[in-house]
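Notes for the one structure printed next.
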Amino acid sequence: MAIPHFILNEKVDGTVGAKLELTVSKDVHEHLFTARIKAGERFILVDAPGHGWEMQLLDGVDKKRPLISVSLCGEIVTERSADLTLIQGISAGDRMDQTIRQVTELGVTRIIPLESERSTVKLDER
């Protein structure tokens, strides 16, 4: 079974073997609780693109408190194979937001919005 991965919004400062108390976001807390991660189990917290920590949960996940006690088991650094740029025509409504969300999940690192002659969305000149 694959080791679970979670995204942390802040940088983890520590060394291998350190014991930390981390306050996680509501979403990460809910995922840890729902995944039924128990004391002694390992998981990975990713704190930056290409960087993460393998951690072992020391205490159980409290349903009401987003504070977890962990032991840092190892640092994980992966290199991206390429920086991807998307030149995206500006689209109307939520379609642009959805496009940006989906392509960043796929690994696009830079998005350049493009207004073309035939675009339905026109930006104000400033």
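Just the heavy atoms: all of them, side chains too, but no hydrogens, waters or symmetry mates, feed the values below. Numbering of residues begins at 1 and proceeds along the displayed sequence.
Under a cut-off of 6.0 angstrom, the local environment of CG in D97 is crowded, with over 12 non-hydrogen atoms contributed by other residues, nucleotides or ligands. Heavy atoms from other residues, nucleotides or ligands lying under 6.0 Å from CD1 of I7 number 12 at most.
Counting all heavy atoms, side chain and backbone alike, M96 lies closest to S91 at N-OG, 3.2 Å. I76 approaches E54 most closely through the heavy-atom pair CD1-N, 3.9 Å.
Contact of the T104 side chain with the I111 side chain is registered, since non-hydrogen atoms from C-beta on lie closer than 4.5 Å. Side-chain contact between M55 and L22 is present, with heavy atoms from C-beta onward closer than 4.5 Å.
With sequence neighbours left out, the side-chain contact (heavy atoms from CB on, under 4.5 Å) criterion links L67 to E21, T23, R65. With sequence neighbours excluded, the residues satisfying side-chain contact (heavy atoms from CB on, under 4.5 Å) with K11 are D13, D47, H51.
Between F43 and F6, the two ring planes are perpendicular [angle over 60°; tilted spans 30° to 60°].
Under the 4.5 Å side-chain heavy-atom criterion for grouping Ile, Leu, Val, Met, Phe, Trp and Tyr, L114 is not connected to I90 through any hydrophobic cluster. Note: the hydrophobic cluster containing I68 does not contain I44 (ILVMFWY, side chain heavy atoms under 4.5 Å, direct or indirect links).
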| request: Show your reasoning for whether side-chain contact (heavy atoms from CB on, under 4.5 Å) applies to Q88 and T99. | output: CA-CA 9 Å; Q88 171 66 36; T99 300; 3.6 Å; yes

